[in-house]
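Structure record follows, encoded as structure tokens.
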Amino acid sequence: MDVYDDEPTLTYPIPGATPLGPPEEWARLRQRCPVARVTLPSGDEASLLTRYADVRQVLSDPRFSRLLNADDAARISATESGGAFNDEMSNAMPQTGEAHRRWRRTVSKWFTAKRTAALRPGMEAMAERLLDTMVEHGQPADLKAHLAFPLPVWVICDLLGVPDEDRDRFSYWSDTLLNLTKYGQAEIDAAQAEFVAYMTAHVAAKRAHPGDDLLSDLLTATDPTGYRLTQQELVYTGQGLLVAGHETTANMIGKMVAMLLADRRHWERLLADPSLVRPAVEEALRMDANPGLGMPRYIGEETEVGDTVLPKGTTVLCSMAAANRDETAFEDAGEMILDRTPNTHLAFGVGPHSCLGQALARTELGAVLDVLLRRLPSLDLAVPVEELRRLEGLVVGGLREVPVRW
């Protein structure tokens, strides 16, 4: 099959039909053009995958790499080398092969399900304190500002040993590095330089006075081969975890609660049966129609995906959210089924680059939902669903605010 099947080029990201709903285009693409030509915010072209089998294949295939700084790779952002796709960051961290696997083995022991479960009592206690403040503030209130954003910031900063007084600084840095269209190159470069300088000083402080935190551990941690992270890898590991570890989860908390309240029968069912919280979290992750960009990959050789031949040098965007709505993979894929099992969604990716912090994110989402159900059983949206507003331009999708009452 020819690579694009004569379909017109689409502007990407494709906007959703409603604040919580998927773009109408996804269903048509899955049926008629599962490998679609799209124009990125940079103006460069890439190939968009929307079928479950194709997305899973590409994310599992080591030939599809994260070498997004290759000479013939499409630029993602509107700036020359922006934010989360910054060349400096890509060059500093191992992206492929044994070097990447070695880095991942060294860091991942901090993100096991057992280790993150041990953090849950602290998460619930912090959620309780944040809700105390929200209730004291009065209703209506923005759940995102009061709970969804500050909780993950607290969790990841605690994990990295970042002092309380420094936590507010990450909001601007994170927005700058994850926004595809909002900032110019000079602002991005300045934010990146400030962030790197901060993390360099933070690593130095941990080297001088180690604590019971991830970065202190990584300073001396070795794998079975004796490998130890370099200074540069430590700095960019801290930076990457701070950005990815709070922004994605903060937005997902807001979207999850909004989805469950959009049809309040879901909320009532959870109140009646709290054992459904864990599968409800998984279903919210599957149903998330606004996850942002998706996972970009680069292929350095001609490769076939489905019935389509991708030329060497193609940049591929894997839309896990579109794949998670694929009727060939999920029965009643467009319906939120709280006790869906099995639920083999792709929200965290799959393969060698699947989300390192997925156990941490699952624990946070479950903890927040348990606390909300217990503390505010009468919780409801304070505005009609259609009045919710999406964040625009971020690599990570979300809602600008989640107005609630109780």
Side-chain angles (χ1 to χ4, degrees), residues 107-134 142-162 164 167-168 170-171 174 178 213-214 238 240-261 267 270 274-288 290-292 320 338 343 345 347-349 354-376 379 391 394 396-399 402 404:
V107 178
S108 63
K109 65 181 181 178
W110 277 81
F111 294 95
T112 62
K114 181 178 180 181
R115 194 154 198 167
T116 57
L119 301 175
R120 181 163 177 146
M123 295 176 189
E124 292 187 355
M126 176 53 70
E128 294 271 9
R129 291 195 291 273
L130 292 169
L131 284 179
D132 287 341
T133 303
M134 186 177 84
D142 180 6
L143 187 81
K144 182 174 180 180
H146 282 280
L147 175 66
F149 188 82
L151 178 69
V153 172
W154 177 84
V155 169
I156 198 66
C157 287
D158 190 57
L159 196 65
L160 293 172
V162 170
D164 287 351
R167 293 176 181 181
D168 290 342
F170 301 117
S171 178
S174 176
L178 289 175
D213 58 81
L214 183 151
L241 292 174
L242 276 168
V243 172
H246 86 265
E247 195 75 48
T248 51
T249 308
N251 282 301
M252 190 60 220
I253 290 171
K255 289 180 288 186
M256 173 184 70
V257 173
M259 280 188 269
L260 292 169
L261 294 177
W267 190 258
L270 288 174
S275 71
L276 290 176
V277 164
R278 180 173 291 188
V281 165
E282 298 303 318
E283 185 69 344
L285 288 163
R286 186 191 70 83
M287 289 291 289
D288 179 15
N290 179 24
M320 293 93 77
L338 298 186
N343 194 340
H345 65 75
F348 293 115
S354 61
C355 176
L356 186 69
Q358 57 186 283
L360 183 66
R362 286 182 162 107
T363 303
E364 289 182 62
L365 290 165
V368 164
L369 193 48
D370 270 333
V371 170
L372 279 172
L373 289 162
R374 183 173 68 249
R375 284 288 307 277
L376 297 175
L379 192 70
L391 283 171
L394 274 186
V396 179
L399 298 169
V402 183
V404 294

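Count residues from 1 along the sequence. What's counted below: heavy atoms across the whole structure, side chains too, no hydrogens, waters or symmetry copies.
Qualifying side chain to side chain donor-acceptor pair (under 3.5 Å) partners for S354, counting only residues two or more places apart in sequence or in other chains: R104.
Listed here is the closest heavy atom pair of L151 and A127: CD1-N, 4.1 Å. Nearest heavy atom pair, residue L270 against residue A280, reads CD2-CB, 3.9 Å. Across all their heavy atoms, P150 and A145 have their closest contact at CD-O, 3.3 Å. Contact record, L119 with L159: CD1-CD1, 4.2 Å, taken as the closest heavy-atom pair. Closest non-hydrogen pair, A148 versus G254, comes out as CB-N, 4.0 Å. Smallest separation of non-hydrogen atoms from T249 and A361: OG1-CB, 3.9 Å.
R375 and E124 are not joined by a salt bridge, as no carboxylate oxygen comes within less than 4.0 angstrom of a charged side-chain nitrogen.
In this structure, the separation between OG1 on T363 and CZ on R115 is 13.0 Å, given to the nearest 0.5 Å. Note that CH2 of W110 and OG1 of T116 are 12.5 Å apart. Values are rounded to the nearest 0.5 Å. The line from NE2 of H345 to CE of M320 is 10.5 Å long, rounded to the nearest 0.5 Å. Atom CG of L360 and atom CZ of R362 lie 11.5 Å apart (nearest 0.5 Å). Annotation: the span from M256 atom CE to M259 atom CE amounts to 8.0 Å, rounded to 0.5 Å. Interatomic distance, F348 CZ to T248 OG1, rounded to the nearest 0.5 Å: 8.0 Å.
Under the side chain to side chain contact (heavy atoms under 4.5 Å, CB included) test applied with L160, the options L241, V155, D213 reduce to a single match, L241.
N343 has its side chain out of reach of L285: every pair of non-hydrogen atoms, C-beta onward, lies at least 4.5 Å apart. In this structure the side chain of D370 reaches within 4.5 angstrom of the side chain of R120, judged on heavy atoms. Side-chain contact between L261 and V402: absent, with no pair of heavy atoms (C-beta onward) separated by less than 4.5 Å. Put simply, the side chain of V371 does not reach to within 4.5 Å of the side chain of L147, judged on heavy atoms. Between W154 and H246, every side-chain heavy-atom pair lies at or beyond the 4.5 Å cut-off. Looking only at side-chain heavy atoms (C-beta outward), L131 and L372 come within less than 4.5 Å of each other. Under the 4.5 Å side-chain criterion, counting only non-hydrogen atoms from C-beta, P274 is not in contact with L373. For the pair L391/K144, a side-chain contact is recorded, criterion being any heavy-atom separation below 4.5 Å from C-beta on.
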**OP:** Before giving the answer on side-chain contact (heavy atoms from CB on, under 4.5 Å), spell out for M134 and L376 the whole-Å C-alpha distance, their side-chain angles and the decisive distance to 0.1 Å.
**Re:** CA-CA 11 Å; M134 186 177 84; L376 297 175; 3.7 Å; yes
Original post:
Between R286 and E283, is a side-chain contact (heavy atoms from CB on, under 4.5 Å) present by the stated rule, with each step listed?
Top reply: CA-CA 5 Å; R286 186 191 70 83; E283 185 69 344; 2.9 Å; yes
**OP:** Just do the side-chain contact (heavy atoms from CB on, under 4.5 Å) check on L369 and L260 with the steps written out, would you?
**Re:** CA-CA 10 Å; L369 193 48; L260 292 169; 3.8 Å; yes
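Heavy atoms of other residues, nucleotides or ligands lying less than 6.0 angstrom from CZ of R278 number 12 at most.
At distances below 3.5 Å, not a single donor-acceptor pair connects side-chain atoms of T112 with backbone N or O atoms of S108. Checking side-chain atoms of K255 against main-chain N and O of N290 turns up a donor-acceptor pair under 3.5 Å.
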